[in-house]
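Taking it in order: structure first as structure tokens, then the write-up.
By convention in this document, chain letters (A, B, ...) are assigned in the order of the sequence lines, proteins followed by strands, and residues within each chain are numbered from 1. As the structure is a computational prediction, the values presented were derived from the model and not from experiment.
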Amino acid sequence: MRYRKGSQRPDVQKATRSVDMKYEELNNIVFDNIRDFNPVHTFECGQVFRWRPEEEKGEIYAGVAGCNAARIKFSDGKLTIEASGGDQEFWYDYFDLTTDYGAIKDELVRNEPKIEKACEYGYGIRILRQDLFETIISFIISQNNNIPRIRKNIESLCETYGEEIGDIEGKTVYAFPTPEALADADEEELSELKLGYRGPYIIETAKKYLEAGCPTCREELLSMHGVGPKVANCIMLFGLSDVAAFPIDTWVRQIMTDMYGFADKDVKGMQRFAEEKFGSYAGYAQQYLFYYYRDRSL
DNA sequence: CGGCAGGCGGTTA
DNA sequence: TAACCGCCTGCC
């Protein structure tokens, strides 16, 4: 794997270390003694679209986070990251390694015992702290869409408008496009990428992102074209790390009707239930429930 | 062929 | 403010 040096995300949060960390050489980062992490569960639980397994067992994944490409390996509590860019702070933050997921699962089960199976099933899910703009555009694309096509659409977007950041086994890797690049795109170009009616949403949203600055709350997100209640909750959860957000899509709606007897239309009731039962951990609950239920239904 | 996929915007009553 | 409807595209 060859990489060009990528730029780093500027605003990295400081975090308290609970795992061992070694900096072996440039762009080769190791975190040891990690609990509650599983690459398959984390990358396949529907929160992110740009990571692919390199082998059947799912120990190794390759993908891109914002403008940083990487191949990660995880076994026996040791996470090794071979990256084009992003320092140890960036990746520590990205994988949310400061958060104690064991304690979160205990708390969720204590308040709502019926969620235990879902927590056990998706035991290694971590909610990635993703780039805000990438999250906004990705989840605009996700509306009324299916996962294979979402992934495909996002990759074409990156190939067309993203900066080249390296190549992996002969295949070029592209960063997620900047707001500037997408604001400058035109509708015809986008329609060639088969984005459908979401194309204009993307251009308009990129322009607004540049003019009005980063959205910081639900209201600002909802003011963007193509962002409704469900997509806004996804952006809050995955892009703003607001782990109290509880996105209700068709799967979660199914869960709520099956598990808790809600009427199919009663999204408000479901939202209130999540708030009362799961509180500030509702986002984690949503991920466990969604992943468990979707895998059982496939 | 209609139905549907991790919804949304616009229009009605 | 709730209930409909149409929507790009691709796959069944």
How is [X] classified with respect to the nucleic acid when contacts are heavy atoms under 4.0 Å: base, sugar-phosphate, or nothing?
X	result
Pro229(A)	sugar-phosphate
Val227(A)	sugar-phosphate
Gly228(A)	sugar-phosphate
Ile150(A)	nothing
Lys230(A)	base

When you compare the side chain of Thr172(A) with that of Ile165(A), does any pair of heavy atoms fall below 4.5 Å?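 Not in contact.
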Minimum side-chain heavy-atom gap Val173(A)-Asp167(A) below 4.5 Å: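 No, every pair of side-chain atoms sits at 4.5 Å or beyond.
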So what stems show up for DNA chain C if we need 3 or more Watson-Crick or G-U pairs in a row, all under 3.5 Å?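 Looking at DNA chain C, the stems formed by three or more consecutive pairs are B:2-5 with C:9-12, B:7-13 with C:1-7.
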Taking CG in Asp186(A) as the centre, count heavy atoms belonging to other residues, nucleotides or ligands within less than 6.0 Å. Is the count above 12?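 Enclosed.
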5'-most by nearest nucleotide on DNA chain B - Ser142(A) or Gly226(A):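 The answer here is Ser142(A).
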Relative to the 5' end of DNA chain B, which residue comes earlier, Phe290(A) or His225(A), by the nucleotide with the nearest heavy atom?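 Mapping each residue to its closest nucleotide by heavy atoms, the 5'-most match is Phe290(A).
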Mind calculating the distance between [atom1] ([X]) and [atom2] ([N]) to the nearest angstrom?
X	N	atom1	atom2	answer
Tyr292(A)	dG6(B)	OH	P	19 Å
Asn144(A)	dG6(C)	CG	C1'	10 Å
Arg294(A)	dC4(B)	CZ	P	20 Å
Glu187(A)	dC8(C)	CD	C1'	13 Å
Asn146(A)	dG3(B)	CG	P	18 Å

Indicate, yes or no, whether a donor-acceptor pair under 3.5 Å links the base of dC8(C) to the side chain of Arg198(A).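 Pair found.
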Under-3.5 Å donor-acceptor pair between Tyr197(A) side chain and dG7(B) base: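 Side chain to base: pair present.
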Could you give the distance separating [M] and [N] at their [atom1] atoms, to the nearest angstrom?
N	M	atom1	value
dG10(C)	dG9(B)	C1'	23 Å
dC11(C)	dC8(B)	P	24 Å
dG6(B)	dA2(C)	P	26 Å

Looking at Phe139(A), Phe43(A), Phe238(A), which one forms a ring pair (Phe, Tyr, Trp, His ring centres under 6.0 Å) with Phe49(A)?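 Only match with Phe49(A) under ring pair (Phe, Tyr, Trp, His ring centres under 6.0 Å): Phe139(A).
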Measure centre to centre between the rings of Tyr288(A) and Tyr121(A), then say whether the value is under 6.0 Å.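 For Tyr288(A) and Tyr121(A), the ring centres are not under 6.0 Å apart.
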Among pairs that include at least one residue of residues 98-118 of chain A, which meet ring-ring contact (aromatic ring centres under 6.0 Å, His included), considering only residues two or more places apart or in two chains?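 The answer is Tyr101(A)-Tyr284(A).
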Spacing of Glu189(A) atom CD and Asp184(A) atom CG [to the nearest 0.5 Å]: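 That separation rounds to 10.0 Å.
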Using a strict threshold of under 4.0 Å (side-chain N to carboxylate O), is an ion pair present between Arg50(A) and Glu155(A)?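 Yes, charged N to carboxylate O under 4.0 Å.
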State plainly whether the residues Asp242(A) and Arg218(A) are in salt-bridge range, i.e. N to O under 4.0 Å.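 Salt bridge absent between Asp242(A) and Arg218(A).
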Please check if any side-chain donor atom of Thr216(A) sits under 3.5 Å from a side-chain acceptor atom of Glu220(A), or the reverse.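 Yes - a donor-acceptor pair under 3.5 Å links their side chains.
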Would you jot down, in residue-number order, the residues of residues 205-219 of chain A having a non-hydrogen atom under 4.0 Å from DNA chain B?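 The answer is none.
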Trp251(A) side-chain proximity, nearest of dA5(B), dG6(B), dT9(C):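 Between dA5(B), dG6(B), dT9(C), the one nearest the side chain of Trp251(A) would be dG6(B).
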